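The structure under discussion appears below in the form of structure tokens.
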Amino acid sequence: MASIDDIADFVIVGTGAGGATAARVLSGAGHSVILLEEGPSLAVADRPRDLLGGMRAAFRDMGTNATIGTMPLPLLQGRCVGGSTAINSGIIWRLPDDVRRDWTERLGLGELVDERGLSDAFDAIERELGITETVPALWGGNGERMARGAEALGLPGKAIVRNAPRCKGSAQCLQGCPNEARQSMDVSYVPRSIRQGARLHTRARVDRVRFEGTRAVGVEGAVLDAARRQVGTLSVRARRAVIVSASAVQSPVVLRRSGLRGMVGERFMAHPGCAVVGRFDEPVEMSFGGTQAYEVPLRERRIKLESLSLPPEMLAARLPGAGAEWVERLTQLDHFAQWAVQCRMEAVGRVRPRWFGNGSDASVTYVPTRADMLRIRDGVVTLSRMMFAAGAREVYPGVAGLKTVLRDPAEVELLEASEYVPSQLTMVASHLFASCPAGSDPANSAVGPDLAVHGTSGLYVMDASALPTNMGVNPQHSIMGVVWRAAERLAQQELRASTSAA
Amino acid sequence: MNLADFERRWAAAIMAGFSATDAGDALVGDATVDYLGAADTMSAEGTASAALGLRAAIWLAAHAPLWMHGRAHTIDEVRPAERAAMLARMVSHRTYFVRGLATLLKMTTALALMHSPAVRARTHYERRAEPARRALPLVTSQGS
């Protein structure tokens, strides 16, 4: 029976944006670090290019874990080294200043998100990961048409900034960049941390944190085989601290399985979204260009529009019809463009361990509000207008109960004429936050301004769950910046403690 | 969750039905598509709810001739074009339960179809290769 029995200064649960950044900072400061990842380590060459194999290898539950509510919203999460950074498009946005000020003034997080300190952290990350704006040559037909549509409607479009400095436009971010151009954590901060002395255990599922009194002293869980069956036990001790960075869904699950309550799992937020597809007379060739290369941020309307070159499987499933009509469209897949709206929803949900599951299995309750659905409608209407403005012959807004195929720009008005309910749309939630929110008041937060879990010692949450609100922008960079700050302070604090003890 | 033999027969007929016409299947042609492999993967790797949903979707679609047209047949017993028409109605059905389950079947079908390199090539999704540059004919000099 395989087992893992190990010890280090810091034990980090998860290798996504939060965990890998914490490992990068702490190992860089000379601390011993163990990284625990539930999924496998996937060499880029081994990642299947088709979505069936790709999702099986790298997606949690093949993307089928969904929220509970009026309709299931699939939660797209990575489960492999790199976490969701290994399946996302590498979009980089600094924490917006209005959000930073809100967190400072209302939630007492001034030290954590201090303007200068956070800016320095972002600078360092951007330098190390080669953050750069997507050049027009890599917008591809999908991004170029979105730029054309935005310009025609006078919308504030721009090239997306990404962590893919050597992008060749393979449009395969979801399946894992075949050129290792995208600097997801599996090709950047995890290997860097290992070079700095960190140890990585994969297929290592953490079920709970072990305490002595209120002090976290390690984690316990299971060793899994390739089929995710338990083949052994895991016990890893932490000399200084346990850092939970398992995602906004799994971190609260681990903490609640460990007996913690309060605000743990209580204020889950997200940026759900859906896509509009357009058909063009000329080839669009979504298979070339950055997976996401162009965007239209409409912050005051709480929506963000993005070009989205998904794999053909997802496009095929999104095209209307069956039989001859569907086949005709499928044989012209190079003529379609696809753009998405993401909504900064006001809905608040909650996360719990699944009753009949084990380990990281989660149950997420989440119901978009009426105001959220009006914003989604705003996005669908705007995207449909942009599609026609860019030259689309047909537009598929994807709103059940309304016209499936629009062939005239005037028909977009039909989309505006009624309110939508969530079940009319095929929405997906990929940006997840705030399930262990940070704040200075333990009555309203799960972790403090140093990201330490209230009421415990030696236990931290360093991932999207600690971000106390959703932000309206892609979260990876904000997660990394905030975790960088917290990990730097933790590293200094522990070095001071060991120096004074000596 | 293992499907029974009759459920597997239904599943194969339903998934092939998405791209079927009475004149054959122009997309699949002579390619081999492992529909059941995709369904098995979805059942095994997805959540228990997804596996249950897939099974419910198969039963619902299998009995579409009955609840849609009052005919005592299962979907594998009707003509391909009719099968496709029923599935088209299901994916745009006014009831979310029907529409949602049919969409799960359609997604699983798309995963199976694109898993086949031959089918994938027929969709033209991948960028067409740049025309190959012809090598310039060598000019040989008599004098050299």
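So you know, we letter chains A, B, ... as the sequences are listed, proteins then strands, and number each from 1. None of the values given here were measured: they were computed from a predicted structure.
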* Would one find more than 12 heavy atoms of other residues, nucleotides or ligands at under 6.0 Å from atom CZ of R228(A)? -> yes
The reported gap from CD in E126(B) to CG in D334(A) (rounded to nearest 0.5 angstrom) is 10.5 Å
query: About how many Å separate OG of S49(B) and CD1 of I68(A), when rounded to the nearest 0.5 Å?
result: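 It is 8.0 Å, given to the nearest 0.5 Å.
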[X] side-chain N/O to [Y] backbone N/O, donor-acceptor pair under 3.5 Å:
X       : Y       : value
S287(A) : Y125(B) : yes
K106(B) : A322(A) : no
S19(B)  : G323(A) : no

Would you kindly say whether H115(B) and D50(A) are connected by a side-chain donor-acceptor distance under 3.5 Å?
-> yes
Can you say whether [X] sits under 4.5 Å from chain A via the side chain, the backbone, both, or neither, judging by heavy atoms?
X       : answer
Y96(B)  : side chain
M90(B)  : neither
L104(B) : neither
R94(B)  : neither
A81(B)  : neither

**Worked verdict on M314(A) versus M107(B) for side chain to side chain contact (heavy atoms under 4.5 Å, CB included)** = CA-CA 7 Å; M314(A) 287 183 170; M107(B) 182 70 220; 4.1 Å; yes
Do [X] and [Y] come within less than 4.5 Å of each other through their side chains, counting heavy atoms only?
X       : Y       : result
T331(A) : T123(B) : no
T47(B)  : R354(A) : yes
H124(B) : H335(A) : no
M114(B) : L51(A)  : no

Whatever's closer than 4.5 Å to a heavy atom in chain B on L319(A) counts as backbone
Discussion item. Under 4.5 Å from any heavy atom of chain B, what part of P48(A) do you find: side chain, backbone, both or neither?
Written reply: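 Contact with chain B: none, neither part.
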| Which of the residues G17(B), G37(B), A110(B), A38(B) is involved in the greatest number of heavy-atom pairs with chain A at under 4.5 angstrom? |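 Max contact count across the listed options: A110(B).
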For residues [X] and [Y], report the shortest heavy-atom separation together with the two atoms involved.
X       : Y       : value
A88(B)  : G321(A) : CB-C, 4.5 Å
W326(A) : F18(B)  : CE3-O, 3.4 Å
V327(A) : A26(B)  : CG1-CB, 4.3 Å

**Asked** Do R120(B) and E313(A) meet the salt-bridge criterion of a basic N to acidic O distance under 4.0 Å?
**Response**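 So E313(A) pairs with R120(B) through a salt bridge.
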Give the member of E325(A), M62(A), E328(A), R318(A) that has the highest number of heavy-atom pairs under 4.5 Å with chain B.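 Among E325(A), M62(A), E328(A), R318(A), the one with the most close pairs to chain B is M62(A).
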